[in-house]
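Order of listing sets the numbers, starting from 1, for every ligand and every atom in it.
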Amino acid sequence: MALTRSMMRRAAVAWQKGAGNRIPTTRVVNTAMNDNCPILISPSLVSLDLPEIWPTNSTTHDFPLTCKCSDEQTAAIIDGKSIADEIMLRISCEVRRMKESIGKVPGLAVILVGQRRDSQTYVRNKIKACEEAGIKSLITELPDNCEDDEVLNALSRFNKEPSVHGILVQLPLPQHLNVGKILDLLSLEKDVDGFHPLNMGNLAMRGREPLFIPCTPKGCIELLIRSGLEIMGKKAVVIGRSNIVGLPTSLLLQRHHATVSIVHAFTRNPEQITCEADIVVAAAGVPNLVRGNWLKPGAVVIDVGTNPIEVVLDLPIIFAYCW
Ligand SMILES: NC(=O)C1=CN([C@@H]2O[C@H](COP(=O)(O)OP(=O)(O)OC[C@H]3O[C@@H](n4cnc5c(N)ncnc54)[C@H](OP(=O)(O)O)[C@@H]3O)[C@@H](O)[C@H]2O)C=CC1
Ligand SMILES: Nc1nc(=O)c2c([nH]1)NC[C@@H]1CN(c3ccc(C(=O)N[C@@H](CCC(=O)O)C(=O)O)cc3)C=[N+]21
């Protein structure tokens, strides 16, 4: 699932004082909430020739806007939870339909190396989501000190296994492993993360289409579109440029015709760049990096980060997450 709970909670629209209802109408072609409606509202592969996808004179969508504003002075929160529930429901229906008509269900294989608590949690969540949706899941767990060959062997097995349609190699891998070599071996057709260099390259290049788009960036776009927020022509700032989140998010926003700036650890005066943005996607892994004065009124903020923080009470030290 592209929309994690952190994104659900933290996607927000900073509300301009006195601005009233500022949610613009969205221009989406296939909008009816019937059986033929796509699971994801954003086009799965975003054509660079966008007019058919974003016609300028189309009608407003008729799925519920999930951006709620409590009053004029506070931020409106994008209700990512209900967006995720809606997507999950559609996926489950689609999987059930597939099972009934061809007797098969999609299969996801996950390779998890080592004992990182966060990776274990994320993988557990993915397996749980698969169960909910009726997707078959397989997991290969390897020890921290395993060699490249063990990962490569597990990967080749999944590459060849016809009941596996998608493969995730949970990142980060332990330092001694060659992540480049491993991702290169992953079958392009099963690269559901979209991290294979060919998929990433195709995402970046005009006139080319990746087979898969990384899920978190895709989730950000989905949140924006389903909330009725237009991307085309907007100034967007992506904070972070990692292969997993920052880079593909900036490429994807650009494909949707935003003007994109990227802020990273070496950026001078990030607040000056960020405060001009209509859309801010924060993915730096630094809690509390974006402050109120970094945002212009009315800006849309999606906080992708999930960061463990130490909460020092009297005793003992408690670890918590900051979104
Ligand atoms: N919700 C979800 O689905 C997902 C959430 N995450 C979360 O998103 C966050 C980012 O993850 P990921 O991209 O993998 O992290 P990385 O550590 O790989 O990348 C962090 C990026 O942020 C930049 N950065 C770091 N510090 C600053 C700073 N002070 N100012 C500006 N930019 C900075 C880095 O810049 P530089 O390149 O210069 O070093 C780098 O590009 C984490 O909290 C992670 O847990 C990640 C994946 C999915
Ligand atoms: N091959 C690969 N694909 C990934 O998609 C991938 C990855 N590697 N490596 C790490 C990052 C991080 N990531 C998250 C996924 C779910 C939550 C998520 O569900 N978080 C829960 C909280 C989980 C908790 O309880 O800690 C929430 O936000 O509510 C967060 C972060 C995917 N990543």
Contact between I182 and L186 at the side-chain level, heavy atoms closer than 4.5 Å - yes or no?
no
Closest to atom 9 (N) of ligand 2 among L112, L171, L168 (heavy-atom distance):
L171
Going by heavy atoms, is D193 under 4.0 Å from ligand 2?
yes
Does this structure show an ion pair linking R255 with E209, if we count only N-O contacts that are shorter than 4.0 Å?
yes
If you measure every N or O of I239 against every N or O of ligand 1, does any of those distances drop under 3.5 Å?
no
Atoms of ligand 1 less than 4.0 Å from V286 heavy atoms?
26 (N)
Give a yes or no on whether a salt bridge exists between E94 and R97, defined as a side-chain N under 4.0 angstrom from a carboxylate O.
yes
What are the atoms of ligand 1, with element, lying closer than 4.0 Å to any heavy atom of F266?
38 (O)
Would you check the N or O atoms of A265, main chain and side chain alike, for any that come under 3.5 Å of an N or O of ligand 1?
yes
Using a strict 4.0 Å threshold on nitrogen-to-oxygen distance, state whether R157 and E161 make a salt bridge.
no
Ligand 2 atoms nearer than 4.0 angstrom to some heavy atom of K126 are 3 (N), 4 (C), 5 (O)
Interfacing atoms of ligand 2 (cut-off 4.0 Å, heavy-atom, T121):
23 (C), 24 (C), 25 (O), 26 (O)
Test side chain to side chain contact (heavy atoms under 4.5 Å, CB included) applied to T259 - qualifying residues, sequence neighbours left out
none
In ligand 2, which numbered atoms sit nearer than 4.0 Å to a non-hydrogen atom of V169?
1 (N), 2 (C)
Taking atom 28 (C) of ligand 1 as the point of reference, which of L289, T267, V263 owns the nearest heavy atom?
L289
Would you say the side chain of V281 lies within less than 4.5 Å of the side chain of I239, judging by non-hydrogen atoms?
no
Among the heavy atoms of A283, does any lie under 4.0 Å from an atom of ligand 1?
yes
Does a side-chain heavy-atom distance below 4.5 Å link I302 with L224?
yes
With the side chain counted from C-beta on, respond yes when K296 and E276 share a heavy-atom pair under 4.5 Å apart, and no when they do not.
no
For F195, counting its heavy atoms only, list the atoms of ligand 2 lying under 4.0 Å from any of them.
1 (N), 2 (C), 3 (N)
Does the side chain of H256 come within less than 4.5 Å of M232's, by heavy atoms?
no
I'd like to check which ligand 1 atoms, numbered from 1 as shown, lie under 4.0 Å from a non-hydrogen atom of G240.
21 (C), 22 (O), 23 (C), 41 (O)
Heavy-atom distance under 4.5 Å between the side chains of I111 and L168, does that happen here?
no
Report the part of V304 in contact with ligand 1, treating N, CA, C, O as backbone and CB onward as side chain, heavy atoms under 4.0 Å; options are side chain, backbone, both, neither.
both
Can R116 and D118 be counted as an ion pair, charged N to O under 4.0 angstrom?
yes
Does T306 reach ligand 2 with a nitrogen or oxygen that is under 3.5 Å from one of the ligand's nitrogen or oxygen atoms?
no
Enumerate the atoms of ligand 2 whose separation from the nearest heavy atom of N125 is less than 4.0 angstrom.
19 (O), 23 (C)
For K104, the salt bridge (charged side-chain N to carboxylate O under 4.0 Å, His left out) test, sequence neighbours excluded, returns none
Which segment of T306 sits under 4.0 Å of ligand 1 when only heavy atoms are counted
both
Backbone or side chain, does any N or O of Y122 fall under 3.5 Å from an N or O of ligand 1?
no
Heavy atoms only: which of G285, P248, A284 is nearest to atom 20 (C) of ligand 1?
A284
Answer yes or no: does an N/O atom from Q170 fall short of 3.5 Å to an N/O atom of ligand 2?
yes
